[in-house]
Amino acid sequence: MPMTTLTDDLPAIYGALSAAFGHQHWWPAKTAFETMVGAILAQNVSWTNAAQAVASLESAGMLDPGRLAAADAGDIARLIVSSRFYNQKAERIREFARVYVTEFQADPAVMAATGTEALRERLLSLPGLGKETVDTILLYACEKPVFVVDAYTRRVFTRYGLLPEKASYDRTQRLFADNLNPDAELFNDYHAQIVHLGKTVCRKSPLCDRCPIRVVHRSLRCAGAPE
Ligand code: SF4
């Protein structure tokens, strides 16, 4: 059996996913700032709930960095109830908006021009912004080649046999960062494909018989699927 390497396997897995599901066209937002706010609203909740909160902010004219930075947290909270944890998220969004206005001139190009590591550290220092949220902002709003890790990523690649059980965020991220070209376009759609797979096929009870990556080619198959 020919040997393969992760630098061959990870692109091959992406190829099989995108051939099956088509390009996912993420992130579903009209502006970079909407993406940033959406990333915070999507913490620990389905995208449907987060999207309702984004729409509610927009229809109230509040999807605006200056207005959010100056708003009363209670007023923001009332608009984002659908996103759950709305009081915490209101504080997080307001503080994020304040930093976005004061340090990045409310300009996504200014934010994107900041070095990736420095920007990541600054955003991680803000209240309630963890690695998944910050990396989502870096990739989807700033187009930085930073791979986003979520529960679906861990589940799929642990089952596949490419990650140990209970791999940390950093360990999981390194799997992709070390074995793929640092390409924001690729990282964008790869993460979206994994989420789609995790939601529809590699669920808690996996539907392996309909999985597009169960067998990618004769030396690349999922270790977790039944023979
Ligand atoms: S073959 Fe099964 S366990 Fe493996 S990735 Fe697909 S759905 Fe998940």
Side-chain angles (χ1 to χ4, degrees), residues 1-29 35 38-39 41-51 84 130-140 143-227:
M1 187 177 285
M3 293 289 290
T4 66
T5 64
L6 285 170
T7 52
D8 296 327
D9 292 349
L10 290 176
I13 289 170
Y14 171 71
L17 288 170
S18 59
F21 298 142
H23 197 286
Q24 297 295 298
H25 301 291
W26 276 26
W27 182 280
T35 300
L41 288 169
Q43 292 172 331
N44 303 308
V45 74
S46 74
W47 174 246
T48 307
N49 288 52
R84 298 174 65 205
K131 290 175 181 174
E132 183 182 340
T133 306
V134 167
D135 289 343
T136 299
I137 293 171
L138 293 177
L139 177 61
Y140 290 102
E143 298 177 16
K144 303 272 192 190
V146 176
F147 206 92
V148 177
V149 168
D150 67 353
Y152 293 125
T153 317
R154 289 196 184 90
R155 180 201 286 167
V156 170
F157 286 87
T158 302
R159 285 175 173 170
Y160 218 84
L162 298 179
L163 278 177
E165 289 286 335
K166 300 197 172 93
S168 67
Y169 188 99
D170 294 350
R171 170 70 181 81
T172 307
Q173 190 175 52
R174 277 202 308 276
L175 173 69
F176 298 90
D178 291 352
N179 295 293
L180 292 171
N181 290 327
D183 176 345
E185 273 287 310
L186 171 66
F187 287 9
N188 172 321
D189 196 51
Y190 207 146
H191 174 66
Q193 297 288 347
I194 294 167
V195 171
H196 188 70
L197 183 78
K199 280 185 176 166
T200 60
V201 179
C202 196
R203 307 199 305 215
K204 243 180 204 165
S205 300
L207 306 171
C208 300
D209 54 341
R210 64 170 80 158
C211 181
I213 59 171
R214 177 177 178 160
V215 179
V216 176
H217 53 67
R218 71 194 172 97
S219 48
L220 178 58
R221 56 177 55 231
C222 179
E227 282 297 320

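We use all heavy atoms of the structure for the numbers below, so side chains are in, but hydrogens, waters and symmetry mates are not. Whatever order the structure lists them in is the order used to number ligands and atoms, beginning at 1.
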Review point. Is a side-chain donor or acceptor of R154 paired with a backbone partner of V149 at a separation under 3.5 angstrom?
Key: no
Check your understanding: Can you say whether the rings of Y190 and F147 are parallel (under 30°), tilted (30 to 60°) or perpendicular (over 60°)?
Key -> perpendicular
Practice item. Quick one: do H191 and Q24 satisfy side-chain contact (heavy atoms from CB on, under 4.5 Å)? Show the steps, please. Key: CA-CA 9 Å; H191 174 66; Q24 297 295 298; over 6 Å; no
Check your understanding: Counting only protein N/O/S, how many atoms fall short of 2.8 Å from atom 8 (Fe) of ligand 1?
Key -> 1
Point to revise | D209: partners by side chain to side chain donor-acceptor pair (under 3.5 Å), with sequence neighbours left out | key: none
Study note, to complete from the structure: Exactly one candidate in F21, W47, Y152 meets ring pair (Phe, Tyr, Trp, His ring centres under 6.0 Å) with H196; the answer is F21
Check your understanding: Going by atom types alone, do Q43 and T133 pair a side-chain donor with an acceptor below 3.5 Å?
Key -> yes
